[in-house]
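What follows is a short report on a single structure.
The first residue in the sequence is number 1, and the count goes up from there.
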Amino acid sequence: MYGWLWRRLPGNTRVKPLVATVLVALVVAVLWFAVFPLLEPAVTLDEVTLFG
């Protein structure tokens, strides 16, 4: 799978790591600022129960 992704990235060998880093940063930013805030009300981490 990673080989397939690596071959699909634009640019030469020196540009591909930069493009991959930017894409990973973009995915992390979308998760952090869009997806996780939407899921926060459904996930209650404050209510800890041990045996209940």
Side-chain angles (χ1 to χ4, degrees):
M1 181 175 110
Y2 296 114
W4 181 85
L5 289 172
W6 188 256
R7 287 189 303 271
R8 298 302 182 272
L9 287 175
N12 57 15
T13 308
R14 284 184 263 166
V15 176
K16 285 184 181 187
L18 178 64
V19 172
T21 304
V22 169
L23 287 175
V24 168
L26 182 64
V27 168
V28 168
V30 167
L31 286 172
W32 190 265
F33 293 111
V35 177
F36 293 156
L38 291 174
L39 295 177
E40 184 181 8
V43 179
T44 57
L45 296 176
D46 297 339
E47 300 173 12
V48 178
T49 58
L50 294 178
F51 300 106

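To the nearest 0.5 Å, atoms CH2 (W4) and CG (L9) are separated by 9.5 Å.
Criterion: ILVMFWY side-chain heavy atoms under 4.5 Å apart, direct or through other members. Under it, L31 and L39 are part of a common hydrophobic cluster. Hydrophobic clustering (side-chain heavy atoms under 4.5 Å, transitive across Ile, Leu, Val, Met, Phe, Trp, Tyr) keeps F36 apart from L38. L18 and L23 fall into different hydrophobic clusters, defined by Ile, Leu, Val, Met, Phe, Trp and Tyr side-chain heavy atoms under 4.5 Å apart, directly or through other members. The hydrophobic cluster containing L26 does not contain W32, counting ILVMFWY residues as joined when their side-chain heavy atoms lie under 4.5 angstrom apart, directly or transitively.
When every heavy atom of P41 is checked against every heavy atom of P37, the shortest pair comes out as CD-O, 3.6 Å.
Applying side chain to side chain contact (heavy atoms under 4.5 Å, CB included) to V19 and the options T21, V15, V22 leaves one that passes, V15.
Within a 6.0 Å radius of CZ in R14, no more than 12 heavy atoms belonging to other residues, nucleotides or ligands are found.
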